[in-house]
Amino acid sequence: MNCNLELVEKQLKKDYPYITKVRSIVESSPSSDMPFNHYQMDILIKESFFYQLENNGPLRNITITSFTNECSQLLKTICPEDNITRDNLLVSFIAEHQD
């Protein structure tokens, strides 16, 4: 995978202020859970927003669904050679702990 994470992060932070860092985007081979190549995207988000998502299932579902749709469009423009779509993109939000 040859995607510019810094550019992706910059664009996402502009639209989603709760994002603190795009940790990785990794292509995975087919498995029994997902019988096709897919992309795992790990994103660090502000701890307070993470706990809001954890405590509110409907908010979490809406946020992840809309984020995945919009993020896949962004990735399609920044990394067109990787053929990332909303159907093959798995997003994980991870709390960034403030120490």
Side-chain angles (χ1 to χ4, degrees):
M1 169 152 207
N2 221 8
C3 197
N4 184 335
L5 281 183
E6 290 175 9
L7 182 57
V8 171
E9 182 177 304
K10 180 180 177 184
Q11 288 297 119
L12 289 175
K13 282 180 161 182
K14 187 168 48 169
D15 294 334
Y16 301 95
Y18 55 83
I19 292 176
T20 59
K21 181 162 183 56
V22 174
R23 185 188 285 176
S24 64
I25 304 172
V26 178
E27 183 176 10
S28 299
S29 298
S31 66
S32 59
D33 293 341
M34 299 205 60
F36 50 86
N37 281 18
H38 58 280
Y39 296 86
Q40 174 70 40
M41 184 174 194
D42 292 337
I43 299 175
L44 295 176
I45 63 173
K46 293 179 180 177
E47 191 172 27
S48 59
F49 189 66
F50 178 83
Y51 289 118
Q52 286 179 21
L53 294 178
E54 286 293 299
N55 294 319
N56 187 332
L59 176 64
R60 180 178 178 80
N61 290 340
I62 290 168
T63 301
I64 290 179
T65 300
S66 64
F67 180 84
T68 301
N69 289 339
E70 292 183 36
C71 187
S72 66
Q73 293 298 322
L74 173 67
L75 291 169
K76 196 176 288 187
T77 61
I78 295 175
C79 319
E81 67 281 355
D82 291 312
N83 197 29
I84 299 172
T85 67
R86 69 177 185 209
D87 296 325
N88 67 4
L89 178 62
L90 301 172
V91 175
S92 294
F93 288 139
I94 302 162
E96 179 181 66
H97 299 289
Q98 306 297 325
D99 294 327

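Side-chain atoms are counted along with the backbone in the values below, which use heavy atoms only and exclude waters and symmetry mates. Along the sequence shown, the residues carry numbers beginning at 1.
- In this structure, Y39 and V26 have side chains that are not in contact, with every pair of non-hydrogen atoms separated by 4.5 Å or more.
- Using a 4.0 Å cut-off between charged nitrogen and carboxylate oxygen, E54 and R60 count as a salt-bridge pair.
- The minimum heavy-atom distance between S66 and Y16, with the atom names listed, is O-OH, 4.5 Å.
- Placement of L44 and V91 in two distinct hydrophobic clusters is found when ILVMFWY residues are connected by side-chain heavy-atom separations under 4.5 Å, directly or transitively.
- Counting all heavy atoms, side chain and backbone alike, E96 lies closest to E47 at O-CB, 3.4 Å.
- Using a 4.5 Å heavy-atom cutoff, the side chains of K76 and I84 are not in contact.
- Heavy-atom contacts from other residues, nucleotides or ligands closer than 6.0 Å to NZ of K10 number 12 or fewer.
- Residues D15 and L74 are not in side-chain contact: their nearest non-hydrogen atoms beyond the backbone lie 4.5 Å or more apart.
- The side-chain heavy atoms of C3 and I78, taken from C-beta on, include a pair separated by under 4.5 Å.
- Heavy-atom minimum distance, N88 versus N83: ND2-O, 3.2 Å.
- I94 places none of its side-chain heavy atoms less than 4.5 Å from the side chain of I43.
- Annotation: side chain of S24 is not in contact with side chain of M41 (no heavy-atom distance under 4.5 Å).
- Within a 6.0 Å radius of CD in E81, more than 12 heavy atoms belonging to other residues, nucleotides or ligands are found.
- For the residue pair N61 and T65, the shortest heavy atom distance occurs at O-OG1, 2.8 Å.
- No single ILVMFWY cluster, assembled from side-chain heavy atoms under 4.5 Å apart, contains both L90 and I62.
- Using cut-offs of 30° and 60° on the angle between ring planes, the pair F67 and Y18 is tilted.
- Here the closest non-hydrogen pair linking K21 and K13 is N-CE, 4.3 Å.
- A 6.0 Å sphere centred on CZ of R86 holds no more than 12 heavy atoms belonging to other residues, nucleotides or ligands.
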